[in-house]
Structure formats: structure tokens, C-alpha cells
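Worksheet: the structure to be examined is printed underneath.
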Amino acid sequence: NTELEKSSVVIAGGGSTYTPGIILMLLEHLDRFPLRKIKFYDNDPQRQKVIADACEIMIHKKHPEIEFLATCDPEEAFTDVDFVMAHIRVGKYKMRELDEKIPLKYGVVGQETCGPGGIAYGMRSIQGVLELVDYMEKYSPDAWLLNYSNPAAIVAEATRRLRPKSKILNICDMPISIENNMLKILGYEKRSDIITQYYGLNHFGWWYGVRSRDGKDLMPELKKHVKEMGYFIPSDADEAKQHGDSSWNETYRMAKDIYAIDPDTLPNTYLKYYLLPDTVVKHSDINYTRANQVMDTREKEVFTACREIAKNNAFEGHELSLDEHASYIVDLATALKFNTYARMLLIVENNGVIENFDKTAMVEVPCLVTSSGPQPLSVGTIPTFQKGMMEEQAAVEKLVVDAWMEGSYQKLWQAIALSKTVPSVTVAKQILDDLYEVNKEYWPELK
Ligand code: NAD
Ligand code: LMR
């Protein structure tokens, strides 16, 4: 029983609503991913302080041996770290709300990562994530940056082009949430009980195989369930957990209608924004979008609970819950640190993994994760329907990065117009002009 080497991590976006749940999760997994130091980094000191004061108590009550520091100084934050775990939201919820409401004004899907809202968010996020990469390379050049800041697809394309040698890995939790529902549908316990085959872009993909450890084909049973009720689990209806609140149940149900168009595969739930945009818009309330919902629930709850913990200097009876579904971040860090060859879905450069698809596109595919990085597993050729959709969407993502690099209004207009969520170049231009107006502080100047 050799002792595992301890790591030092910095959480970038320390003030995030997800931070306390991730801290509790990290503390739960110390036996396989031991820590010597946890640091928080954010560019909003007030916001970070509320979360950090509570997390310091959470950490030190149980693990006084772990060093803790919250800072807005990049040098302090990024010196002596092995991993940067990044979940920043450039522009915070105030801007997310606009990303959602501006497209809706024109009858177009208003969403955090899909369609024009996701494009606007991408134009803000690129700079923020590049900054994190640069701080890491300056102060801890051997570290890995594990990014789950959204929109991951656009961020990944930007870092591929602008920081091609950097040790950054982009990962998403949505397929994991859906696979957790698959487990419940099938009556299995752990994610490692099933082996899944998946391809796509981030927030834009399909499962084409699900098997048990001993090789049983589980697709027929899953398809039967999805055909009837999507990924919805009737017994989950009352659970108001993350990805389990009523809007998520609705999302899980809608997988039924996305599945119908291609019964050979099982879809990622995000495809509803591209394949059922009319239904989505009809069910949206321009006066109360997901941003409002999160501000009124998760954000309020997390900040209230953190203030309470700090006030009482006690951690008992608090309302924060351990974010076990985020343990994929530990799986990834452990694989890189200890060379576990864990099989995980990551966003990587295609480079032939999907044979009949752009080599330079960032795709989401299963990889074996080793200490020198991910080794993607070959997918082979994909069908025309998926290929066509992915080509259009990958072009949108590339055009956003072109627009950001060149400061090109024209390219950004093309990106928005090409999104499957947008009906015409006229509407695209109206949305772009409104989004540009409110994003001046965050986007590069467009000419
Ligand atoms: P949030 O607004 O609560 O937190 C984001 C934090 O990032 C804020 O404290 C903000 O001040 C900080 N920030 C913004 N720009 C920054 C910059 N340039 N440098 C440093 N810090 C900066 O947002 P949230 O709802 O907690 O989400 C955070 C991100 O995580 C989003 O991109 C979200 O899509 C993504 N996400 C994470 C998970 C997960 O499993 N952890 C799941 C879904 C989405
Ligand atoms: C959230 O705030 O729950 C998001 O991360 C996911 C979403 O699409 O709302």
C-alpha cells in the first residue's frame, strides 16, 4: 500500500455556485485523490469571499492539514499547483439572462450554450479561459487545466487554435447526467457497470452503443424506454436536485421526440434546441428564463448557506449538498496524475477519430486518459444525418473563433445565421446587433 502523492489544486471561478459542492466532493474522494493544498481564484473578490469563508470552515473542520487560500492575485493562485479546475462564467448571471432573452425577443431559442446566446457567451469566455491558460503556463507550467466552463465547444476550438500546445482538457457533465439516468432505467448501480459508445460535438452528440460489463447489448431496453418517455424517470419526479428539477424532467422527456427522428441512436438532450426549436421557444417565458430560475434558487440557496456557515463558524445542518455527479472531475484528475487509463468522454481534436469528419473539428468522444493526456478511441464513419448536423454546427463554432480572432462582424453574423436555431440572415443580424450592444465590455471590437 504505497502512499499516493498529494496534489495542489486551484479552483478558478472560486465564487461559482458549484464551488461548495465540488469542495465537498473533493473531500469525499481524498483516498484516491489526496490533496495538500486547495486554492480559489476569481476576479470578483466580494463574490468569492462569501464562498471561500464557508469552504475554509468546511475544509478545516475535517482536514486541518490541507492548506487553503482564496485570492484574486494570479501569481498567488497559480503558483505551485498541479491542477486548475476551471468553472468561470464571464459576465455572470446578468449576462446569461441577456443571452437568453435577446434571441427570444426574435422568436429564437434563448439558451446558455446553444444558438445565439451560446455564441455571445463564447465571445465572452474565450478571453477568460485563455487568461487562465496563460497564468497556469507562467506560474505552474507542468499543471493541467481541466475546463468545464461553458460554452465548452467554442472554448475548446479557441484553445485548439490559439494555445495548441497547452495542457488543457475540456469536459462536460451532461452525458454523465444522462448516463446516470440510463443506469436507473437499466437497474444498474455504477457508471462503470456500463460501457457506452458516443460521438458528436459538445452538447451535440449521440450514443450508438451501450453494453454491460459482460457484453450484453443494452440498447434495445434503453430504446424502448426512450421511445416512451425519453430519459425521464417517473420516480425522480419529486426530486428537486440539480438536473432533476422540473425543467430538467421536461428536458429528459423531450428526448423522446428527438429520438424519433433517428431510432438507431440515443440523443444528447441538448439536441432539442436544434431539432425542436419551435417547441422550445413556445415553452419559454421571455420574462423568466433559466437564468432567473437559477438566480432565484441555486444561487440564492448556495450564498445563503455559505453566509450561515461563516456566521456560525459551524458546518453542521447546512443546506449545501455534495456534488457527487461532479466526481468525474476527480476521475479525470486521478487519471492524469496516476495514469489510470480511465475511459472518459472528452472534447478533443478529431484527427481521424471520426473518419468521415473534419480532422480539425473539436469532437466529443471516448478517450483513455493517461498521464500524458487523452488517447481517443476510434469511432469510424458516422451516418449522413448526424454528419450533416455536425458539419453545420462545427462551422458555427469555427466562425465564432474566427470572428473573435479577427474582430470580424461579418464572420459573427455568418456564425449566428448558420446556427440551426436561427431562421434567416435578417433575424441573425438583428440578434447580433442587440447582443453586440450589451456585450461591448466583453467582446473584442468588431469591424
Ligand atoms: P457563477 O456565476 O456562479 O460562477 C462563476 C464565477 O466565475 C463567478 O464567481 C465569477 O466572478 C467568476 N469569473 C467570471 N469571469 C472570470 C474570470 N475572467 N476570471 C476568474 N473568474 C471569473 O456561475 P456558475 O453557474 O457556477 O457556472 C460556472 C461555470 O461552470 C459556467 O460556465 C457553467 O456553464 C459551468 N458548468 C459547470 C458545471 C459543473 O459540473 N461544475 C456544470 C454545468 C456548467
Ligand atoms: C444550470 O445553471 O443549471 C446550467 O448549468 C445548465 C442549464 O442549462 O441551465
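Whatever order the structure lists ligands and atoms in, that order sets their numbers, starting from 1.
- Considering backbone and side-chain N/O of Arg89, one or more are found under 3.5 Å from N/O of ligand 1.
- Residue Met174 places every heavy atom at 4.0 Å or more from ligand 1.
- Under a 4.0 angstrom heavy-atom cut-off, Ala326 registers as lying outside contact with ligand 1.
- In summary, the side chains of Lys272 and Thr251 do present a donor paired with an acceptor at a separation below 3.5 Å, with no hydrogens or angles considered.
- Taking only nitrogen or oxygen atoms, main chain and side chain alike, Asp42 reaches within less than 3.5 Å of ligand 1.
- For Lys92, the heavy-atom gap to ligand 1 drops under 4.0 angstrom.
- The cationic atom of Lys190 (NZ for Lys, CZ for Arg) does not lie both less than 6.0 Å from the six-membered ring centre of Tyr188 and within 45° of the ring axis.
- When ring centroids are compared, Phe338 and Phe33 stay outside the 6.0 Å threshold.
- Closest heavy-atom approach to atom 29 (C) of ligand 1 among the candidates Ile88, Ile176, Thr113: Ile88.
- Under a 4.0 Å N-O distance rule, the pair Asp82/Arg36 qualifies as a salt bridge.
- Thr334 and Asp331 share no side-chain donor-acceptor pair at under 3.5 Å.
- Relative to atom 31 (C) of ligand 1, the option among Tyr148, Tyr18, Tyr121, Tyr93 with the closest non-hydrogen atom is Tyr121.
- Contacts with ligand 1 closer than 4.0 Å are made by side-chain heavy atoms of Tyr328 only, the backbone lying farther away.
- Between Arg47 and ligand 1, at least one pair of N/O atoms sits closer than 3.5 Å.
- If you look at Tyr198 and Trp207, their ring centroids are closer than 6.0 Å.
- In this structure, a donor-acceptor pair under 3.5 Å is absent between the side chains of His29 and Asp31.
- Under a 4.0 Å heavy-atom criterion, Val294 is not in contact with ligand 1.
- Between the side chains of Gln111 and Thr113, a donor-acceptor pair is found at a separation under 3.5 Å.
- Between Asn150 and ligand 1, at least one N/O pair is under 3.5 Å apart.
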